[in-house]
Amino acid sequence: MKALVLAGGSGSRLRPITHSFAKQLVPVANKPVLFYGLEAIRDAGIREVGVVVGDTEAEIREAVGDGSRFGVRVTYLRQDAPRGLAHAVLIARDFLGDDDFVMYLGDNFIVGGINDLVDRFRRERPHAQIMLAKVSDPRAFGVAELDADGRVVGLEEKPEHPKSDLALVGVYLFGPAVHEAVARLKPSRRGELEITDTIQWLIDQGHRVESTMVSGYWKDTGNVTDMLEVNRLVLEGLEPSVAGEVDSASELIGRVVVEEGARVTGSRVVGPAIIGPGAVIRDSYVGPFTSIDRDCAVIDSEIEYSIVLRGASIDGVGRIEVSLIGRQARVTPAPPVPRAHRLVLGDHSKVQISK
């Protein structure tokens, strides 16, 4: 079995962060979302991975390399524009051959990995296998319709009037029959080759399509709210450790990780939280569910339930929460204004905030 990982797309729902940053590389607990997917693929026993890339190819290549750090072998497949998930299968035809494969959306996060899903596919040998999860607003997803016996009978992509609340999770397994389906597709009303149309074609031709309900946690980390929620979940599993420097005037409470090269002075850090290498926390409060990436600075400030990306600085700010702060961003005091702050800052931005 091979894997096809989709790491293209513009990440419009995470702008302005993704104006200059691949959405799959936005970190959760200081590790890019994409890395969790590659580790899940490796843990399922898959070694050959095709990574579909677009305009952010250079960043993805730099971060992932040849895949050896994850225990896999990576082949990069260029997609000239976002033309749909099924188009990714189409351009990967030579790489995939006639092997079974798992298609994994690089910005999806699934707790517990995909081992059980892959094992079931290998054991039962359907032509396709999908994962489903109940969602509050299915209009934003591919939606599956099941019959009374639980069999998949219909699929729609982002329907205006959904027939169910069952969304397709961003992990699919296919046998070689999918290639004929993809070859026969025509672009949808969105101008894309839809994976839902692909699976519908398989169903219409009498091919067996199985579904599995997600038993654990799944998120499409396409927006700030979901990124922060996934960050919270991952941080809850932290094992406390201190490899950096923490002075006697500081207090660490609960599950806190202070990585090598980080310095915490005169501060209080309440976990779960992680302080990345080279980060400086001085005379500050870092609250629960906060990830501070490498080489950041938090000085004379308060922050919680937030993600701070590499090299950002927060200096003299009364309180920040529920925020995603981009690389090299600077947050500093401003003249007095109402003291409530919710921020989504792009890379290299500068914002003045009242102390």
Side-chain angles (χ1 to χ4, degrees), residues 2-15 17-44 46-79 82 85 88-89 91-92 95 101-115 117-118 131 169-173 195 216-224 226-235 237 274 276 291 293-294 307-310 324 326-327 347:
K2 293 176 180 175
L4 187 65
V5 177
L6 276 58
S10 60
S12 58
R13 291 179 294 159
L14 271 174
R15 288 176 181 165
I17 297 293
T18 49
H19 275 306
S20 56
F21 196 34
K23 65 177 179 177
Q24 298 84 6
L25 297 181
V26 176
V28 169
N30 290 358
K31 182 165 70 175
V33 172
L34 177 61
F35 290 9
Y36 292 95
L38 291 171
E39 290 168 355
I41 287 166
R42 174 203 62 206
D43 293 344
I46 300 169
R47 295 294 177 263
E48 293 289 340
V49 180
V51 178
V52 178
V53 293
D55 291 342
T56 58
E57 177 179 359
E59 283 185 282
I60 299 293
R61 280 181 176 269
E62 182 180 0
V64 176
D66 63 2
S68 56
R69 64 181 291 190
F70 305 100
V72 300
R73 292 178 294 274
V74 168
T75 299
Y76 290 95
L77 306 164
R78 175 75 184 196
Q79 189 178 34
L85 303 187
V89 177
I91 66 169
F95 167 76
F101 67 97
V102 55
M103 185 168 74
Y104 199 116
L105 274 58
D107 59 354
N108 274 230
F109 186 91
I110 300 173
V111 171
I114 60 172
N115 292 23
L117 185 72
V118 171
M131 296 180 73
V169 173
V171 179
Y172 312 78
L173 289 105
I195 202 66
Y217 182 92
W218 160 73
K219 276 289 183 185
D220 170 1
T221 59
N223 60 54
V224 174
D226 288 340
M227 285 295 308
L228 293 172
E229 173 64 12
V230 171
N231 189 64
R232 179 194 66 79
L233 184 77
V234 175
L235 289 178
I274 183 169
S291 294
D293 209 345
R294 63 173 58 245
I307 299 173
V308 183
L309 274 62
R310 185 178 70 244
L324 175 58
R327 298 174 299 175
D347 299 346

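Because only heavy atoms are used, hydrogens play no part in the values below, and waters and symmetry mates are left out as well, while side chains stay in.
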Please identify which of these residues, Val49, Val102, Thr75, Leu77, meets the side chain to side chain contact (heavy atoms under 4.5 Å, CB included) condition with Leu4.
Leu77
Among Val28, Leu235, Leu228, Val308, whose side chain to side chain contact (heavy atoms under 4.5 Å, CB included) with Ser291 holds?
Leu235
Is a side-chain donor or acceptor of Tyr76 paired with a backbone partner of Gly65 at a separation under 3.5 angstrom?
yes
Is the side chain of Asp43 donor-acceptor paired with the backbone N or O of Asn115 at a distance under 3.5 Å, no angle test?
no
For Asn30, is there any backbone N or O sitting under 3.5 Å from a side-chain donor or acceptor partner on Arg294?
no
Donor-acceptor check, side chain of Arg78 to backbone of Gly54, threshold 3.5 angstrom: yes or no?
yes
Heavy-atom closest pair, residues Leu6 and Met103:
CD1-CG, 3.7 Å
Quick one, Ile307 with Val26, criterion side-chain contact (heavy atoms from CB on, under 4.5 Å). Give me CA distance, side-chain angles, the key distance, then yes/no.
CA-CA 9 Å; Ile307 299 173; Val26 176; 5.5 Å; no
Minimum heavy-atom separation for Ile114 and Ala44, please, with both atom names.
CG1-CB, 4.0 Å
Kindly give the heavy-atom pair with the smallest separation between Leu38 and Val5, and that separation in Å.
CD2-CG2, 4.2 Å
Heavy-atom nearest pair, Leu309 first then Pro27, reads CG-CD, 3.9 Å
Can Phe109 and Asp226 be said to form a side-chain contact (heavy atoms from CB on, under 4.5 Å), step by step?
CA-CA 10 Å; Phe109 186 91; Asp226 288 340; over 6 Å; no
What's the verdict on side-chain contact (heavy atoms from CB on, under 4.5 Å) for Arg61 and Val53, showing C-alpha distance, side-chain angles and the deciding distance?
CA-CA 9 Å; Arg61 280 181 176 269; Val53 293; 5.6 Å; no
Would you check, one step at a time, whether the test side-chain contact (heavy atoms from CB on, under 4.5 Å) holds for Phe101 with Val89?
CA-CA 10 Å; Phe101 67 97; Val89 177; 4.0 Å; yes
Compare every heavy atom of Arg47 with every heavy atom of Arg42, then report the nearest pair and how far apart it is.
O-NH1, 2.9 Å
Looking only at non-hydrogen atoms, find the nearest pair between Met227 and Val33 and report the distance.
CE-CG2, 4.1 Å
Interatomic distance, CG@Leu25 vs CG@Asp107, rounded to 0.5 Å, equals 11.0 Å
Separation between NZ of Lys2 and CZ of Phe95, rounded to the nearest 0.5 Å:
5.5 Å
